[in-house]
Amino acid sequence: LQKLIRLLQATDDPLIQEQALITLSNSAAFSVNQDIIRNLDGLSIIGGMLSDCVPKVKEKALNALNNLSMNIKNQEEIQVYITQVCRNVESAPLNSDLQLAGLRLLTNMSVTTDYHHKMINSIPCFLHLLSEGTERTQIQVLKVLVNLSANPAMTRHLLRAQV
């Protein structure tokens with residue numbers, strides 16, 4: 001894991017970055033690896049890949065963060081990327097794998113109410129995706145919206161959103 005994280009830092013080759021991110025994502029399926037990746041500063045390195053201009057690299061970074069977000073300590077670090085993830089969802093091509101990867105991460109990050117406030121500005125986008133997206137996109141958006149609607153503090157924002 002340490003070598004993969006270092007490789008991710010050291011290369012600008014998108015193909016190598018994708019493969020390293022896929023391997024880290026698969027490794028994150030095991031809870032012990034989630035802690036190891038966090039302790040090796042892997043979350044910030046993977047999070048840094050969200051700024052990459054190559055859509056496939058962003059998508060693989062989102063998938064890795066999604067798998068890593070299954071633990072509370074990781075969520076505390078990943079939450080700093082929520083606004084950027086929302087921007088990626090909004091700017092990604094409709095129904096793209098990149099958009100779905102961002103929505104999956106937002107679903108996990110919205111399971112608890114801790115970070116709902118960071119998604120408020122994206123509610124109109126979520127509602128737009130609900131009306132314009134394919135079934136896969138709609139299902140993923142609904143998961144985010146259901147999580148947000150479980151928080152009474154979000155009611156006003158959800159009901160007042162302009163679509």
Side-chain angles (χ1 to χ4, degrees), residues 21-22 24-35 37-39 41-163:
L21 287 165
I22 289 168
L24 285 167
S25 182
N26 291 340
S27 299
F30 303 98
S31 56
V32 66
N33 291 341
Q34 293 175 8
D35 294 332
I37 292 168
R38 182 185 64 252
N39 292 332
D41 200 30
L43 297 175
S44 65
I45 292 164
I46 295 168
M49 307 304 286
L50 297 178
S51 302
D52 201 284
C53 58
V54 179
K56 280 289 183 193
V57 172
K58 279 189 213 182
E59 175 196 337
K60 301 308 184 220
L62 287 164
N63 288 338
L65 289 174
N66 183 45
N67 287 348
L68 288 161
S69 71
M70 298 299 183
N71 100 28
I72 299 291
K73 286 185 180 178
N74 285 356
Q75 280 194 1
E76 290 170 4
E77 289 190 33
I78 293 170
Q79 60 93 16
V80 301
Y81 302 107
I82 289 176
T83 304
Q84 188 172 7
V85 173
C86 288
R87 281 195 306 264
N88 283 338
V89 167
E90 291 175 28
S91 64
L94 182 63
N95 305 314
S96 64
D97 290 336
L98 174 59
Q99 191 172 61
L100 287 166
L103 288 168
R104 281 191 297 271
L105 177 55
L106 292 175
T107 299
N108 282 349
M109 294 300 293
S110 64
V111 168
T112 66
T113 61
D114 297 344
Y115 311 115
H116 285 184
H117 64 282
K118 293 181 175 248
M119 299 179 206
I120 289 171
N121 292 335
S122 293
I123 291 172
C125 171
F126 299 151
L127 295 172
H128 171 75
L129 294 176
L130 188 59
S131 70
E132 298 297 321
T134 61
E135 187 176 327
R136 283 177 56 199
T137 301
Q138 290 172 335
I139 289 169
Q140 207 57 58
V141 169
L142 280 171
K143 290 178 181 181
V144 175
L145 290 171
V146 164
N147 288 345
L148 294 178
S149 71
N151 180 356
M154 295 299 291
T155 303
R156 180 172 46 94
H157 301 289
L158 290 165
L159 294 176
R160 288 188 180 172
Q162 295 292 317
V163 183

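Since we're looking at a predicted model, the values are computed, not measured. What's counted below: heavy atoms across the whole structure, side chains too, no hydrogens, waters or symmetry copies.
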Asks: To the nearest 0.5 angstrom, please state how far the CZ atom of R87 sits from the CD atom of Q84.
Replies: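 So the CZ of R87 and the CD of Q84 are separated by 5.5 Å.
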
Asks: Side chain of S122, backbone of C125: donor and acceptor closer than 3.5 Å?
Replies: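 Between the backbone of C125 and the side chain of S122 there is no qualifying donor-acceptor contact (under 3.5 Å).
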
Asks: Can a side-chain donor-acceptor contact be found between S27 and N33 if the only test is distance below 3.5 angstrom?
Replies: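 Note: N33 and S27 side chains miss the donor-acceptor criterion.
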
Asks: To the nearest 0.5 Å, tell me how far L68 CG sits from N108 CG.
Replies: 10.5 Å

Asks: Can you sort out the partners of N95 under side chain to side chain donor-acceptor pair (under 3.5 Å), two or more places apart, ordered by chain and number?
Replies: T134, T137

Asks: Under a 3.5 Å distance rule, please check whether H116 uses its side chain to pair with a backbone N or O of N151 as donor and acceptor.
Replies: no

Asks: Starting from the C-alpha separation in whole Å, work towards a yes-or-no answer on side-chain contact (heavy atoms from CB on, under 4.5 Å) for M119 and S110.
Replies: CA-CA 9 Å; M119 299 179 206; S110 64; 3.8 Å; yes

Asks: Can you list the steps and then say if L94 with L129 is a side-chain contact (heavy atoms from CB on, under 4.5 Å)?
Replies: CA-CA 8 Å; L94 182 63; L129 294 176; 3.5 Å; yes

Asks: What do you reckon, is CG of N121 surrounded by more than 12 foreign heavy atoms closer than 6.0 Å?
Replies: no

Asks: Check whether any side-chain heavy atom of L159 sits under 4.5 Å from a side-chain heavy atom of T155, and report yes or no.
Replies: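 Result yes, sub-4.5 Å side-chain heavy-atom pair found.
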
Asks: Is the shortest heavy-atom distance from the side chain of M109 to the side chain of L105 under 4.5 Å?
Replies: yes

Asks: Mind jotting down which residue pairs meet the salt bridge (Lys or Arg N to Asp or Glu O under 4.0 Å) criterion with at least one end in residues 58-71? Sequence neighbours excluded, please.
Replies: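 Qualifying pairs: K56-E59.
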
Asks: Can you tell me how far apart CG (N74) and CG (L43) are? Round to the nearest 0.5 Å.
Replies: 4.5 Å

Asks: S91: what forms a side chain to side chain donor-acceptor pair (under 3.5 Å) with it, not counting sequence neighbours?
Replies: none

Asks: Search all heavy atoms of M49 against all heavy atoms of A61 and return the closest pair with its distance.
Replies: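 So the two residues come closest at CB-CB, 3.7 Å.
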
Asks: With sequence neighbours left out, what residues match D97 under side chain to side chain donor-acceptor pair (under 3.5 Å)?
Replies: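 Here no residue qualifies.
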
Asks: Donor-acceptor pair, distance only, cut-off 3.5 Å: does the side chain of N39 make one with the backbone of D35?
Replies: yes

Asks: Rounded to the nearest 0.5 Å, what separates atom CG in L148 from atom CG in L158?
Replies: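 If I round to the nearest 0.5 Å, the distance is 6.0 Å.
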
Asks: Does the Q34 side chain pair with the main chain of A28, one donor and one acceptor, at a distance under 3.5 Å?
Replies: yes

Asks: Do any pairs count as a salt bridge (Lys or Arg N to Asp or Glu O under 4.0 Å) and have a residue in residues 99-123, sequence neighbours left out, and if so which ones?
Replies: none

Asks: If I compare all heavy atoms of A92 with all of S96, which pair ends up nearest, and what's the gap?
Replies: CB-OG, 3.7 Å

Asks: Consider side chain to side chain contact (heavy atoms under 4.5 Å, CB included). Of V57, L62, L65, which one does L21 pass it with?
Replies: V57

Asks: Out of curiosity, N66 CG to T107 OG1, how far, rounded to the nearest 0.5 Å?
Replies: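 These two atoms lie 8.0 Å from each other.
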
Asks: Would you mind reporting whether L127 and Q162 have side-chain heavy atoms less than 4.5 Å apart?
Replies: no

Asks: Checking side-chain contact (heavy atoms from CB on, under 4.5 Å) for the pair T112/Q75: CA distance, chi angles, key distance, verdict?
Replies: CA-CA 10 Å; T112 66; Q75 280 194 1; 4.2 Å; yes

Asks: With a 4.5 Å limit on heavy-atom distance, are the side chains of C86 and L106 in contact?
Replies: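 They are in contact (side-chain heavy atoms under 4.5 Å apart), so the answer is yes.
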
Asks: Could you pull out all residues at least two apart from E76 that satisfy side chain to side chain donor-acceptor pair (under 3.5 Å)?
Replies: none

Asks: Which is it for S44 and E77 under the side chain to side chain donor-acceptor pair (under 3.5 Å) test, yes or no, and what are the steps along the way?
Replies: CA-CA 8 Å; S44 65; E77 289 190 33; over 6 Å; no

Asks: Between L100 and V89, does a side-chain contact (heavy atoms from CB on, under 4.5 Å) hold up when you go through it step by step?
Replies: CA-CA 8 Å; L100 287 166; V89 167; over 6 Å; no

Asks: So how far is it from K143 NZ to Q138 CD, rounded to the nearest 0.5 Å?
Replies: 13.5 Å

Asks: Under 3.5 Å, is there a donor-acceptor pair between the side chain of E90 and the main chain of F126?
Replies: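 Absent.
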
